[in-house]
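First comes the structure, then the notes that go with it.
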Amino acid sequence: KDSWCNYVSAQLHEVGHNLNFGHAGEGSQEYGDQSGMMGFSYSQNDTPVMCFNAAKSWQAGWFADKSVTIDPNNDAGSCYSGPLYGQDSYTTSPADATVLIQLQSTSGTNYHIGFNGKQGSNSGTVEHGNRVLITTQAATGPSFKIANLGAGQSYTIANYDGSGRDVVISVTSVSGSDHAVIDIMCGPALCSSDGQCDDFNACTTNVCDGACNFLPIPIANCCGNGICEAGAGEDFGLCFDDCAEGPYDLSATLCSTCYIQDGNMFEVKAKDKALAITTLATRTYAVGGSAGTFGVEVWTKQGTMVGFESSMASWTKIADVSFNASPWAMLQFPDFDAPVQIAAGATQSFYVTHKNGGKALWTGGGPTRNTLADEDDSLQLFHGYYNAYLFGGRGAGTWNGVLTYMKDNGVVATLAPTPPPTPAPVNPPTPPPTPVPSNPPTPP
């Protein structure tokens, strides 16, 4: 038994007990949650590399500035909608990001939601990496994992606290090991009229039957109802919200021997389908190789960057985010306010630049500008420049980062033909008047 003192998972498990953590279970197994250190331990000297689960991190007060508390007994409708970052992404996520979510319960056993991102300090998580995990725990004591969710999956907590309302946790998408996008619906709100049930979507019909119906009926021929309606003239270009599929990620080949400068400029090209860049992540050296706070901007323009490298007026800034991060981290931007749409076969240019002391990591070696660097089935990424801030000096270099995009689902708009106008009626000819007799007969 003494050999267990050499194993890092056993050591951290016992440290957890010193922090007053209970075990992490699943089902009938007291140690069954293998996503973190309070489940089973392993007879390995230096592995697995993983964190404590969301319930334990909440108990310890870690990540408090990026934690959200929800009370489904007092909240209704959409209680949360947006990114949920992994614990290892805490320092690289935006300042207003969310890492931990707690659903409060009158029973005293709360629900904890976290994204089990399999990277960095959690790169060795034994199970359910890059999935959204739901655990239950009282203020202290054991926790129990009750669900693990991937993109497109959901979990329902029926009759929450005996309220008669269901709470539904859904995963919209997963962006690698950095974050997932989730929605939490806290059940219908009580109401007395349809007008109290507005979900702020003009493409839905909202119905009150004592409680708001949050499964509204789509209104036909309305962009935003979740249905790509070719007959209503909708396609990827005209109704992105309804006619896009994804998300997909294209990652640049990351440097192992890296160079440092303020930013990078590069081109991408859509292949045989239109697509839209919705966000990106970029690699950082932080502030002089040390953790710190700095800004990063993203600019874009249609077509080539060649001839426009120093022309700020030719570019549009689409993101400007402050990060607090360590060197070698991958900085994940929130979704752009408007996706950057690229027609099939078209080129789009990007300029990603650090500022306020931050520096980017990039690949050197003198690559030839606008030769192919990386590609997948839908998108190509080309070698470009390294650049000094802002639109300054440059040289050959390759951006390090990840592009997230949606692509055309292939629906082609086919507007129904307009029926011909109804012909105007033709008036029948007016009959001639009955003649008045000139000599009426003499009455007898």
Side-chain angles (χ1 to χ4, degrees), residues 92 94 250-269 277-290 292-334 336-337 340 342 346-375 379-405:
T92 58
L250 174 60
S251 178
T253 301
L254 304 182
C255 55
S256 54
T257 301
C258 302
Y259 292 79
I260 303 165
Q261 187 49 271
D262 294 330
N264 295 94
M265 193 176 287
F266 57 92
E267 295 181 8
V268 301
K269 183 178 181 179
I277 309 295
T278 57
T279 184
L280 59 78
T282 193
R283 208 169 177 207
T284 187
Y285 194 59
V287 182
S290 299
T293 301
F294 53 91
V296 186
E297 299 175 0
V298 180
W299 298 69
T300 192
K301 71 174 295 293
Q302 287 186 335
T304 184
M305 62 187 178
V306 178
F308 302 94
E309 295 91 341
S310 302
S311 176
M312 185 188 304
S314 301
W315 298 72
T316 300
K317 183 163 66 173
I318 58 173
D320 189 346
V321 176
S322 177
F323 293 95
N324 185 294
S326 300
W328 304 92
M330 188 71 77
L331 308 177
Q332 178 63 51
F333 279 80
F336 301 142
D337 290 341
V340 180
I342 310 173
T347 295
Q348 187 79 19
S349 298
F350 287 89
Y351 175 38
V352 184
T353 181
H354 287 53
K355 62 180 180 179
N356 306 132
K359 295 291 181 181
L361 290 170
W362 52 276
T363 303
T368 302
R369 184 196 67 209
N370 282 350
T371 57
L372 184 66
D374 292 281
E375 65 177 336
L379 182 63
Q380 294 178 317
L381 169 66
F382 296 93
H383 296 291
Y385 298 117
Y386 67 81
N387 302 74
Y389 182 83
L390 179 66
F391 292 94
R394 60 190 178 274
T398 306
W399 176 68
N400 275 216
V402 180
L403 293 162
T404 300
Y405 66 92

Are any of the side-chain heavy atoms of [X] and [Y] separated by less than 4.5 Å?
{"X": "Val340", "Y": "Ile318", "result": "yes"}
{"X": "Glu267", "Y": "Asn370", "result": "yes"}
{"X": "Trp299", "Y": "Phe350", "result": "no"}
{"X": "Trp315", "Y": "Glu309", "result": "no"}
{"X": "Ile342", "Y": "Thr347", "result": "no"}
{"X": "Lys269", "Y": "Gln380", "result": "yes"}
{"X": "Val298", "Y": "Leu280", "result": "yes"}
{"X": "Phe294", "Y": "Val296", "result": "yes"}

I'd like to know if the side chain of [X] pairs up with that of [Y] as donor and acceptor (distance under 3.5 Å, no hydrogens or angles considered).
{"X": "Thr353", "Y": "Asp262", "answer": "no"}
{"X": "Gln261", "Y": "Tyr389", "answer": "no"}
{"X": "His383", "Y": "Thr368", "answer": "no"}
{"X": "Ser314", "Y": "Ser311", "answer": "yes"}

More than 12 heavy atoms of other residues, nucleotides or ligands under 6.0 Å from [atom1] of [X]: is that the case?
{"X": "Lys355", "atom1": "NZ", "answer": "yes"}
{"X": "Glu375", "atom1": "CD", "answer": "yes"}
{"X": "Tyr259", "atom1": "OH", "answer": "no"}

Parallel, tilted or perpendicular for Phe391 and Tyr351, by the 30°/60° rule?
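Correct class here is tilted.
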Parallel, tilted or perpendicular: which one describes the rings of Trp362 and Tyr386, with boundaries at 30° and 60°?
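If you compare the ring of Trp362 with that of Tyr386, the planes turn out parallel.
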Please report the closest heavy-atom contact between Met330 and Ala281, naming both atoms and the distance.
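Looking at all heavy atoms of both residues, the closest pair is CG-CB, 3.6 Å.
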Flag, side chain of [X] to backbone of [Y], donor-acceptor distance under 3.5 Å:
{"X": "Arg283", "Y": "Val402", "answer": "no"}
{"X": "Thr279", "Y": "Phe333", "answer": "yes"}
{"X": "Asn400", "Y": "Cys255", "answer": "yes"}
{"X": "Lys317", "Y": "Asp320", "answer": "no"}
{"X": "Ser349", "Y": "Met305", "answer": "yes"}
{"X": "Asn387", "Y": "Arg394", "answer": "no"}
{"X": "Thr282", "Y": "Val352", "answer": "no"}

If you measure from [atom1] on [X] to [atom2] on [Y], what distance do you get to the nearest 0.5 Å?
{"X": "Leu372", "Y": "Leu381", "atom1": "CG", "atom2": "CG", "answer": "8.0 Å"}
{"X": "Cys258", "Y": "Tyr285", "atom1": "SG", "atom2": "OH", "answer": "10.0 Å"}
{"X": "Asp337", "Y": "Thr278", "atom1": "CG", "atom2": "OG1", "answer": "12.5 Å"}

Side chain to side chain donor-acceptor pair (under 3.5 Å) partner of Thr253, chosen from Thr363, Asp374, Thr398
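For Thr253, the side chain to side chain donor-acceptor pair (under 3.5 Å) check succeeds only for Asp374.
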